[in-house]
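Everything below concerns the one structure shown next.
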Amino acid sequence: SQQGEEDPQALSIQEGENATMNCSYKTSINNLQWYRQNSGRGLVHLILIRSNEREKHSGRLRVTLDTSKKSSSLLITASRAADTASYFCATSGGSGNTGKLIFGQGTTLQVKP
Amino acid sequence: EADIYQTPRYLVIGTGKKITLECSQTMGHDKMYWYQQDPGMELHLIHYSYGVNSTEKGDLSSESTVSRIRTEHFPLTLESARPSHTSQYLCASSELGLGRTDTQYFGPGTRLTVL
């Protein structure tokens, strides 16, 4: 079964608002990554946070990682209609891991203009 | 955009046909993956490869097979397609080596419909 669980499953906001998505995982990790998927397309890597980091920024994206709670959050500030997509967290590393990523179930974000 | 390509993008075929989904990457990555994904749902790893002549089954049982004869090419074959194979198939690649982050680069996907 997938390690990651994402919350909420679906999120609908107005343009200009902030969007927050959460991800929980079960085993130890080397890093946690966030990906974006536009409808009917492949995934695109957004940002990576290593297990020894607590927060990371990239443009309008802010990622936090709490390894004691085995959770991460992705914040998109000042959202735009073009941010409408599905967002997946993925973990790398941990016991028994052979280099594969474990993907969460995804959060579908709709940004209304 | 990553340098990883999938063909065809869309395929509609009849039950019982043999099909091959193509995936190629020009990044020289050793690791390649195939995922199956239903619309709006999670990704399921069905096959992966860590190099030429190396292939492994993923977490989700699949009736498909793969081959890795060249580093850049990782085709997926269904010998006899069935309606239950209707799905989106995503190919991805990543680097192998010390200090790797396992970041994966995805192709655009193949949307398969079996009638």
Side-chain angles (χ1 to χ4, degrees), chain A residues 1-12 23-25 29-53 56 58 63 65 84-94 96-110, chain B residues 1-7 9-10 21 23 25 27 29-51 54-60 87-113:
Chain A
S1 63
Q2 298 288 342
Q3 168 167 246
E5 293 186 6
E6 296 190 54
D7 169 57
Q9 285 191 314
L11 181 62
S12 181
C23 168
S24 61
Y25 57 92
I29 62 172
N30 289 332
N31 65 66
L32 186 144
Q33 307 176 28
W34 285 90
Y35 290 78
R36 166 193 168 126
Q37 183 181 33
N38 284 54
S39 180
R41 304 285 299 181
L43 279 70
V44 176
H45 180 257
L46 293 176
I47 192 167
L48 178 152
I49 187 164
R50 297 182 187 276
S51 60
N52 61 354
E53 298 176 312
K56 201 160 184 182
S58 176
V63 172
L65 179 65
T84 294
S86 291
Y87 293 81
F88 293 87
C89 67
T91 55
S92 169
N97 181 275
T98 54
K100 296 179 285 183
L101 287 179
I102 308 298
F103 284 89
Q105 297 164 327
T107 292
T108 299
L109 172 65
Q110 181 186 31
Chain B
E1 291 288 327
D3 295 323
I4 180 164
Y5 310 98
Q6 289 185 246
T7 58
R9 289 294 319 282
Y10 303 94
L21 307 185
C23 176
Q25 49 96 6
M27 297 173 284
H29 288 168
D30 287 303
K31 291 156 68 173
M32 296 189 74
Y33 312 82
W34 276 104
Y35 294 89
Q36 184 174 341
Q37 182 189 33
D38 291 327
M41 302 298 285
E42 62 194 292
L43 283 74
H44 294 284
L45 180 67
I46 53 175
H47 297 283
Y48 62 98
S49 167
Y50 284 172
S54 155
T55 61
E56 301 286 346
K57 289 189 181 294
D59 304 318
L60 180 69
S87 189
Q88 173 157 268
Y89 292 83
L90 294 169
C91 180
S93 70
S94 65
E95 291 183 286
L96 178 68
L98 290 176
R100 71 187 196 296
T101 62
D102 296 324
T103 297
Q104 293 186 10
Y105 299 85
F106 283 80
T110 294
R111 171 80 63 188
L112 173 65
T113 301

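Note that the structure is predicted; figures quoted are calculated from it, not measured. Protein chains get the first letters and strands the later ones, always in sequence-line order, with residue 1 at the start of each.
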**Q.** Evaluation steps, side-chain hydrogen bond (donor to acceptor under 3.5 Å, both in side chains), between B:S87 and B:D38
**A.** CA-CA 5 Å; B:S87 189; B:D38 291 327; 3.0 Å; yes

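- Under a cut-off of 6.0 angstrom, the local environment of CD in A:Q110 is crowded, with over 12 non-hydrogen atoms contributed by other residues, nucleotides or ligands.
- Contact record, A:K100 with B:D59: NZ-OD1, 3.7 Å, taken as the closest heavy-atom pair.
- Residue contact with chain B, scored on non-hydrogen atoms closer than 4.5 Å, involves the backbone and the side chain of A:L43 alike.
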Q) Yes or no on side-chain hydrogen bond (donor to acceptor under 3.5 Å, both in side chains) for A:Y35 and A:Q37, after CA distance, side-chain angles and deciding distance? A) CA-CA 7 Å; A:Y35 290 78; A:Q37 183 181 33; over 6 Å; no

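- Both the backbone and the side chain of B:Q104 come within contact range of chain A, judged by heavy atoms closer than 4.5 Å.
- The most heavy-atom pairs under 4.5 Å with chain B, out of A:S39, A:G42, A:A90, come from A:G42.
- Interface residue B:Q37: only side-chain heavy atoms are found under 4.5 Å from chain A.
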